[in-house]
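Let me begin by presenting the structure, written as structure tokens, before commenting on it.
Start at 1 with the first residue, then count along the sequence.
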Amino acid sequence: MINKESLLSLVRKNVQQLNPYSSARDEFTDEAEIFLDANENPYNWEYNRYPDPYQNQLKEEIAKWRNVKKESIFIGNGSDEIIDLLIRAFCEPDTDSIISLNPSYGMYKVSAAINNVEVRYFDLDENFKINITSILNYFEKPDKILFLCSPNNPSGNCIAPEDVVLMCKTFHGLVVLDEAYIDFSNTKSLVEMVGLIPNLIVLQTMSKALGAAGIRLGMAFMAPEIVQILNKIKPPYNVNGATQQIAVSILTENEKSNRQISQIISERTKLNEHLKQLNFVVTVYPSEANFILVEVKDADALYKYLLKNGIVVRRRDKEFRCQNCIRITIGTSLENDILIQKLSNFQNIH
Ligand SMILES: *Cc1c(COP(=O)(O)O)cnc(C)c1O
């Protein structure tokens, strides 16, 4: 297993040597009455000042909520920003590579492509599971980051925590475990393991279960040494003041999202049952997320029919192992009822 010292040797040389931009709020952190250092407009309203570049108050709330150390938290403008920063910090363009499961979330390969970093795909089996023995033999020297996604988008299934731990112990680079949908799942989060496994990074987001995709708030849990590296390369004020404020209030009153999560999970069961009864449905993949991947006889026809009826679902039929698959997000109870009714109509006319 990688130790903390060898972690830092994975960082790109130019990033190791980088002198980061030092913002006004970086250089002055004491108390003062009069702020004439940052060229802000002095007339006071909620947002005339630059926000805290290290989001201290928000990190304190997240630390309590997830039972982790504040120093292990990094916050980004959505988890998409964190994916990009990790690739930028660790992967030498045109030289290093990342590994993505196939099929999985599309941003890993887009961020890699933007950074001119090769993606090596590890194919999941026909039930979207990882063959552990073969992945342990798949790793190659230029691989710097292994992206895992659990529950996986678009398939909805989880990776067993002990398999994640095994991959961390065997892989010579960073393992990024994307838990965007973990709050809809019965599988245990690995967030509390980040202190024990130096090369494990866990990604979470406010965009899904917490109901705040619009504020753009992603969080990552990792060794404090890696947080320091990302702090060096992030835009100084990457998380804006309004977002920090709203995120704190979401975490301090989280009964609402807890209720919504249970509702979404029971709606998932309902939709799952209905889908299985339809004769044009080939496979309903079991999901631990807030969406269901469904293989049908003719994805194109179904997609167009639903769209004509005002319902948009996500086509996934061009993805590896997803022939004739669509991905349906769980909506409100009423929305799901309308969907179910339209699906029955589709069955009647086809
Ligand atoms: C939706 C999603 C995200 C969320 O990204 P944000 O930038 O935080 O909105 C991250 N990972 C996966 C797998 C997702 O499906």
Side-chain angles (χ1 to χ4, degrees), residues 1-5 7-8 10 52-83 85-86 89-90 145-151 158-165 167-169 171 174-212 215-232 234 238-239 243-255 257-258 261 288:
M1 183 157 81
I2 277 195
N3 57 26
K4 289 212 168 169
E5 291 66 48
L7 264 185
L8 293 181
L10 295 171
D52 175 1
Y54 302 111
Q55 312 96 18
N56 282 290
Q57 192 196 356
L58 177 55
K59 283 182 182 172
E60 273 159 32
E61 291 302 326
I62 294 174
K64 277 190 276 177
W65 174 58
R66 288 309 201 203
N67 191 27
V68 293
K69 286 195 312 200
K70 191 179 159 200
E71 301 70 45
S72 303
I73 305 171
F74 182 84
I75 300 180
N77 189 344
S79 19
D80 289 349
E81 182 186 40
I82 307 178
I83 294 166
L85 288 173
L86 285 167
F90 288 92
I145 307 178
L146 166 63
F147 282 94
L148 303 174
C149 186
S150 178
C158 281
I159 306 168
E162 57 275 19
D163 287 343
V164 176
V165 172
M167 287 185 266
C168 291
K169 288 188 170 157
F171 188 51
L174 300 177
V175 176
V176 176
L177 177 65
D178 189 339
E179 292 189 337
Y181 301 97
I182 195 71
D183 292 322
F184 300 109
S185 147
N186 285 326
T187 302
K188 201 173 152 33
S189 165
L190 282 178
V191 81
E192 290 179 29
M193 298 293 280
V194 291
L196 304 169
I197 306 177
N199 60 339
L200 173 65
I201 296 176
V202 175
L203 286 185
Q204 295 186 355
T205 177
M206 289 210 163
S207 299
K208 308 286 159 60
L210 291 174
I215 69 171
R216 309 306 302 129
L217 196 293
M219 44 203 144
F221 305 90
M222 60 188 86
E225 290 80 359
I226 311 179
V227 173
Q228 297 300 328
I229 299 288
L230 297 188
N231 280 341
K232 269 172 67 164
K234 80 184 185 75
N238 60 327
V239 180
T243 291
Q244 293 189 40
Q245 219 172 39
I246 296 167
V248 167
S249 72
I250 288 174
L251 292 181
T252 45
E253 30 185 296
N254 58 7
E255 303 89 43
S257 45
N258 287 340
I261 292 167
E288 294 199 45

CG/N3: more than 12 non-hydrogen atoms of other groups inside 6.0 Å: yes

Exceeds 12 heavy-atom contacts within 6.0 angstrom, atom CD of E225: yes

So do [Y] and [X] actually touch side chain to side chain, heavy atoms under 4.5 Å?
{"X": "E288", "Y": "S150", "value": "no"}
{"X": "K59", "Y": "I75", "value": "yes"}
{"X": "I182", "Y": "V191", "value": "no"}
{"X": "I197", "Y": "V175", "value": "no"}
{"X": "L8", "Y": "I229", "value": "yes"}
{"X": "F221", "Y": "I73", "value": "yes"}
{"X": "M193", "Y": "V164", "value": "no"}
{"X": "N77", "Y": "K234", "value": "no"}

Side chain to side chain contact (heavy atoms under 4.5 Å, CB included) assessment of Q245 paired with Q57: CA-CA 9 Å; Q245 219 172 39; Q57 192 196 356; over 6 Å; no

Is a side-chain N or O of [X] found less than 3.5 angstrom from the main chain of [Y], in a donor-acceptor match?
{"X": "E60", "Y": "K70", "answer": "no"}
{"X": "N231", "Y": "F74", "answer": "no"}
{"X": "E81", "Y": "N238", "answer": "no"}

What heavy-atom pair brings [X] and [Y] nearest, and what distance separates the two atoms?
{"X": "A63", "Y": "K69", "answer": "CB-C, 4.4 Å"}
{"X": "L7", "Y": "P198", "answer": "CD1-O, 3.5 Å"}
{"X": "I201", "Y": "A220", "answer": "CG2-CB, 4.4 Å"}
{"X": "C149", "Y": "I159", "answer": "O-CD1, 3.9 Å"}
{"X": "M1", "Y": "L196", "answer": "CE-O, 4.0 Å"}

Worked verdict on L210 versus L217 for side chain to side chain contact (heavy atoms under 4.5 Å, CB included): CA-CA 10 Å; L210 291 174; L217 196 293; over 6 Å; no

Roughly how far, to the nearest 0.5 Å, is [atom2] of [Y] from [atom1] of [X]?
{"X": "I226", "Y": "L85", "atom1": "CD1", "atom2": "CG", "answer": "13.0 Å"}
{"X": "M222", "Y": "L230", "atom1": "CE", "atom2": "CG", "answer": "5.0 Å"}
{"X": "C158", "Y": "N186", "atom1": "SG", "atom2": "CG", "answer": "8.5 Å"}
{"X": "L10", "Y": "L174", "atom1": "CG", "atom2": "CG", "answer": "5.5 Å"}
{"X": "L177", "Y": "L203", "atom1": "CG", "atom2": "CG", "answer": "8.0 Å"}
{"X": "S79", "Y": "R216", "atom1": "OG", "atom2": "CZ", "answer": "7.0 Å"}

Within residues 189-205 or reaching into it, pairs that qualify as side-chain hydrogen bond (donor to acceptor under 3.5 Å, both in side chains) - sequence neighbours excluded: R66-Q204, E179-S189, E179-Q204, T205-S207

Residue pair I83, D80: steps toward the side chain to side chain contact (heavy atoms under 4.5 Å, CB included) verdict: CA-CA 5 Å; I83 294 166; D80 289 349; 4.0 Å; yes

Results of salt bridge (charged side-chain N to carboxylate O under 4.0 Å, His left out) for K64 - residues two or more places apart only: E61

